[in-house]
Amino acid sequence: RGVARAERLPPRPSWLMAALLAWVAGLMAMPTIAAEARSRLLIDADTLAQQLDDPHLVVLHLGDAESFAAGHIPGARPLPPDYFSRSRRGTSTSMLHELPDPGAFRMKMQQLGIARESKIVVVFGNDEITAATRAIWALEASGIADRVALLDGGLPAWKQQGHPLSTEPRPFARSVTFTSSTSRQR
């Protein structure tokens, strides 16, 4: 009788074990999910170079006029960093982080030559990654998320891979009609 008895722990509920296993499985799947998102959102310089002749491809060079004139991917169209932002009282210095109204947004997309079937690649210069992600978000908000990508590494990666630059002025954007899937739903 002087021997201590080991206390017996109550059995763990099966739902707790199932939840724990599901949590572990979720953690293990995260790298796969992240890799899929990365492959959808990014395009590498070599792949983009192979697609430059695609008539549906629209390459947007994010930056000011000087950076565009200094050299851009052949066929790219200039995209000012605040292009998809709505300004306060008509000035771009008091930028609101909101999309323009649907009519203005549709016109901006058409001015860039972006149509419903376009495949869009946003290219940033040296320091425009934040503006590039905003441009990606704005394009995705228009309902074309499956056709929008960011050049992995931006223009520096393009140059590092030895791909050509152009100093030609903006190419003429063909006349297009852009219809946002979000505007159809309203």
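The figures here come from the full heavy-atom set of this structure, side chains too, leaving out hydrogens, waters and symmetry mates. In what follows, residues are counted from 1 in the order of the sequence shown.
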[X] side chain near [Y] side chain, heavy-atom distance below 4.5 Å:
X      : Y      : answer
His163 : Asp46  : yes
Ile43  : Asp152 : no
Leu151 : Ile73  : yes
Glu140 : Asp146 : no
Val123 : Leu150 : no
Leu139 : Ile114 : yes
Leu57  : Val121 : yes

Look at the side-chain heavy atoms of Ile, Leu, Val, Met, Phe, Trp and Tyr, link any pair under 4.5 Å apart, and say whether Leu42 and Ile136 land in one connected group.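 Leu42 and Ile136: one cluster.
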Side-chain heavy atoms under 4.5 angstrom apart, residues restricted to Ile, Leu, Val, Met, Phe, Trp, Tyr: same cluster for Val148 and Ile129?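 Cluster IDs for Val148 and Ile129 match.
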Separation of His56 NE2 from Lys119 NZ (nearest 0.5 Å):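 Reported to 0.5 Å precision, the distance equals 7.5 Å.
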Nearest 0.5 Å, what's the CG-CZ distance between Asp64 and Phe68?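 Between atom CG of Asp64 and atom CZ of Phe68 there are 11.5 Å.
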For [X] and [Y], work out which heavy atoms get closest and say how close.
X      : Y      : value
Gly63  : Pro81  : O-CD, 3.8 Å
Leu155 : Gly71  : CD2-O, 3.6 Å
His61  : Ala76  : CB-CB, 4.2 Å
Pro74  : Pro164 : CD-O, 3.4 Å
Ala132 : Phe124 : CB-CB, 4.0 Å
Leu62  : Ala135 : CD1-CB, 4.3 Å

Any donor and acceptor pair, going by atom type alone, linking the side chain of Arg77 with main-chain N or O of Leu60 inside 3.5 Å?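 Not at all, since once roles are kept as given, no pair shorter than 3.5 Å links the two residues.
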Under the 3.5 angstrom rule, does the side chain of Ser166 hit a backbone N or O of Glu168 as a donor-acceptor pair?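 Present.
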Pairing residues for Pro156 by the side chain to side chain contact (heavy atoms under 4.5 Å, CB included) criterion, not counting sequence neighbours: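 Counting only residues at least two positions away or on another chain, Pro156 forms a side chain to side chain contact (heavy atoms under 4.5 Å, CB included) with Asn126.
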Among all residues two or more places apart in sequence or in another chain, which pass the side chain to side chain donor-acceptor pair (under 3.5 Å) test with Thr47?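 Thr47: side chain to side chain donor-acceptor pair (under 3.5 Å) contacts with Asp44.
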Partners meeting salt bridge (charged side-chain N to carboxylate O under 4.0 Å, His left out) with Lys108 (sequence neighbours left out):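 Result, salt bridge (charged side-chain N to carboxylate O under 4.0 Å, His left out) vs Lys108: none returned.
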